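Beneath this line is the structure, given in C-alpha cells, with notes to follow.
If you're wondering where the values come from, they're calculated on a predicted model, not measured in any experiment.
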Amino acid sequence: MTVLLSIATFLVNEVLSRPACLIGLITAAGLTALRKPVGQIVGGALKATLGFLLIGAGASLVVSALGPLGGMIRGATGAQGVIPTNEAIVGIAQERFGARVAWLMLLGFAVALLLARFTPLRYVFLTGHHILFMATLLTMVLSAAGQPAPIVIAVGAVLLGILLVALPAFAHPWTRCVTGDNTLAIGHFGTAGYVLAGATGRLVGRRSRSTEEMKLPEGLRFLRDSMVATALSMAVIYVVMALGYLAKAGRSTAFKAFAVGSGGGDGAAGDLGNYLMQSVMQGLQFGIAVAVILFGVRTILGELVPAFQGIAGKLVPGAIPALDAPIVFPYAQNAVLIGFLASFTGGLAGLALLAWLLHPALGLALVLPGLVPHFFTGGAAGVYGNATGGRRGAIAGAFLNGVLITLLPALLLQVLGAFGKANTTFGDADFGWFGTLIGYAAKAGPAGGAVTMVVIGGAVLAGAIVFQRRVVDRGWDPGAGRAVAHPVATRPAAVDGAGAGAGTGLRRHPKIAPPVGAPAPPPPLPSED
C-alpha cells in the first residue's frame with residue numbers, strides 16, 4: 001500500500017500537476033498513434049513541452065510584474081481582506097490532505113477519460129494544475145464537512161471526472177465563437193465567468209465593433225501592436241498608482257515598494273526619479289510577459305492539435321483537447337488587456353458591495369481583487385465577450401466576471417472549515433459556485449451527503465449531455481446575427497458538420513492567425529457514434 005501511495009503521489013506531484021509534462025506525454029502519445037518517426041515524436045513532444053514552459057514563464061513574469069502594483073493598490077486604498085490565490089490555498093491544504101488529493105486526482109482523471117470515451121462529451125481536460133486545484137478543493141470541502149476518507153476519495157473522484165468533461169461542453173458554443181471551429185475547447189475552472197461574459201456580449205454588443213478593429217490616428221498606429229499597447233497601458237497605470245501610493249503612504253513607505261540593487265529590498269532609496277522609472281519598467285515587463293504567453297500558446301498549438309488526431313482515433317474518437325485560459329488570448333489580443341482592466345474594476349465593485357451590504361448583513365469576508373486571477377480570467381472573459389459583443393461585450397462581460405470572482409470566493413469561505421481563516425482562498429469562478437454547492441451538500445452526513453453530492457454530479461453530467469446534443473452538436477452560434485459596421489472574413493466551415501456557422505457566411509470579428517510556418521490543425525477523426 002505504501003508503494004502504491006508513493007507512486008500515486010509521484011504521478012500527481014511530478015507529472016500530472018506539471019502541465020508541461022502532461023502536454024508533452026499527450027503529444028508523444030498522439031504522434032505515436034499516428035506512427036510518426038521517432039525523431040518527430042521526440043521533437044514534437046519537446047516542442048509542445050517547451051510551449052507550455054513558455055506559458056509558465058510568461059505567467060511567472062506576470063505575477064512578478066503585478067506584485068508591487070497589488071501592494072500599491074492596497075496601500076493607496078487602505079483595503080484589507082482575503083486575497084484569492086489558488087497556489088497558496090493548495091499549498092496549505094497539501095500539508096494535511098496530500099494523500100487524499102493524490103488519489104482523488106488520479107481516479108478523477110480516469111473517470112473523465114471513461115466519460116469522454118462513452119458519452120457524447122468528447123473533451124479531454126489537459127490543464128493539469130487546475131485538475132490538482134479542483135481535486136484539492138473537493139478534498140477540503142468534503143473533509144471539512146466531516147466526510148470519511150473513502151467517501152472523500154470515491155465521491156470526489158466522480159465529481160471531478162464529471163466537471164472535467166461537463167464544463168468544457170457548457171462553454172463550447174462560446175469557445176467555438178472565439179476560435180471559429182471545433183479544434184479546441186476551454187479547460188479552465190473560470191468557465192462560469194467566460195459563459196457569463198459571452199452571454200453578456202450577446203445582449204449588449206449587437207452593433208459594437210470588435211476590440212481588434214480599433215482605428216487609431218496615424219501618429220498612434222504603433223499601438224496596433226498588442227505588445228506595445230499592453231506595455232504602454234500598464235506603464236501608465238503603474239505610474240498613476242505609484243503616485244497615488246506615494247501621496248497616501250509617504251516617501252519612506254512608498255519607496256520600499258520595489259526591490260532594487262544587489263541588496264534586494266532597499267526600494268528606491270529616497271529617489272523619486274528612480275521610483276517612477278521603476279514603475280515604468282514594471283509596466284514594460286508586463287508587456288513582455290504577455291508576449292511570452294502568446295508565443296507559448298502559438299508554439300504548443302502547432303504541435304498538440306495535429307498530435308491529438310492520433311489520440312482521437314485510438315482512445316477517445318472525436319476527442320477535443322480542453323486547454324488553459326491563455327489558449328484564447330491570441331484570438332483577440334486587445335480584448336485581453338481590456339478584459340483585465342474591466343474585470344479588476346468589477347472586482348473593486350464587488351468589494352464595495354461586500355463592504356457596504358453583504359459583510360454587515362451576512363458576515364461574508366471582504367475579498368480583495370487579486371491582479372493575477374483578474375488578468376487570466378478577466379483577459380479570457382474579455383475575449384469571450386468580444387467574440388459575441390465586440391468592445392461593449394468585452395468590457396461588460398469582463399466586468400461581470402470580476403464581480404463574480406469577488407463574490408463567489410466570499411461564499412466559498414463559509415464551507416472551508418478551518419481553512420476559511422487562512423486569509424486566502426480559491427480565486428476562479430467554478431471553484432466558488434461548485435465548491436459552495438458541494439460543501440453544503442456534504443454537511444448532510446456520510447450517507448445523506450454522499451447521495452446528495454452524487455445527485456448533484458449526476459444533474460451536472462445529464463445537463464451537459466443534453467446541452468452537447470441539443471446545442472453544441474446542432475451548431476448553435478451565440479454570435480449569430482451580429483450587426484457589425486464593416487463585414488469581415490467569413491467564418492471557417494465547421495468540422496464534423498457540427499461547427500457553428502458552417503456555410504452560413506456569418507460575419508465574424510477578425511481572428512489572429514497562427515505564426516508563419518505553423519502546421520494547420522487537421523480536422524478530428526469522425527466519432528464512432
Side-chain angles (χ1 to χ4, degrees), residues 6-61 102 105-106 109-110 112-113 116-117 122-132 164 179 181-188 291-330 495 513-525:
S6 298
I7 294 174
T9 303
F10 171 77
L11 290 175
V12 168
N13 294 335
E14 303 301 333
V15 179
L16 296 181
S17 64
R18 298 176 185 264
C21 295
L22 182 60
I23 291 297
L25 291 174
I26 293 293
T27 302
L31 294 175
T32 301
L34 289 173
R35 304 192 180 195
K36 297 295 184 180
V38 174
Q40 188 172 342
I41 294 173
V42 174
L46 284 175
K47 194 169 182 180
T49 300
L50 292 174
F52 254 76
L53 290 175
L54 281 169
I55 295 176
S60 297
L61 289 173
M105 182 176 179
L106 285 175
F109 191 67
L113 290 179
R117 177 65 181 84
R122 308 289 193 182
Y123 305 96
V124 179
F125 200 105
L126 295 178
T127 310
H129 62 294
H130 260 240
I131 301 176
L132 173 63
L164 295 183
T179 64
D181 55 33
N182 275 333
T183 306
L184 300 170
I186 193 73
H188 189 271
V292 171
I293 290 175
L294 294 175
F295 181 72
V297 168
R298 288 170 172 167
T299 300
I300 191 173
L301 285 182
E303 299 298 329
L304 179 64
V305 176
F308 218 79
Q309 186 182 27
I311 297 174
K314 299 293 182 180
L315 182 61
V316 184
I320 301 175
L323 301 171
D324 203 353
I327 211 72
V328 301
F329 285 6
V495 295
V516 176
L525 296 179

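A search for side chain to side chain contact (heavy atoms under 4.5 Å, CB included) contacts involving Ile41 returns Ala28, Leu31, Thr32, Lys36, not counting sequence neighbours.
Summarising the geometry, atom CD1 belonging to Ile320 is positioned 10.0 Å from atom CZ belonging to Arg122; distances are rounded to the nearest 0.5 Å. To the nearest 0.5 angstrom, Leu126 atom CG is 5.5 Å from Leu323 atom CG. Between the CG atom in Leu54 and the NZ atom in Lys47 there is a gap of 11.0 Å [rounded to 0.5 Å].
In plain terms, the two heavy atoms of Gly24 and Thr49 that are nearest each other are CA-OG1, 3.3 Å. Heavy-atom minimum distance, Tyr123 versus Ala116: O-CB, 3.6 Å. Pairing each heavy atom of Phe109 with each of Phe125, the nearest pair is CE1-O, 3.5 Å.
Counting only distance, with no hydrogens or angles, the side chain of Thr127 and the backbone of His188 share no donor-acceptor pair below 3.5 Å. Under the 3.5 Å distance criterion, the side-chain polar atoms of Asp324 are left unmatched by any main-chain donor or acceptor of Pro326.
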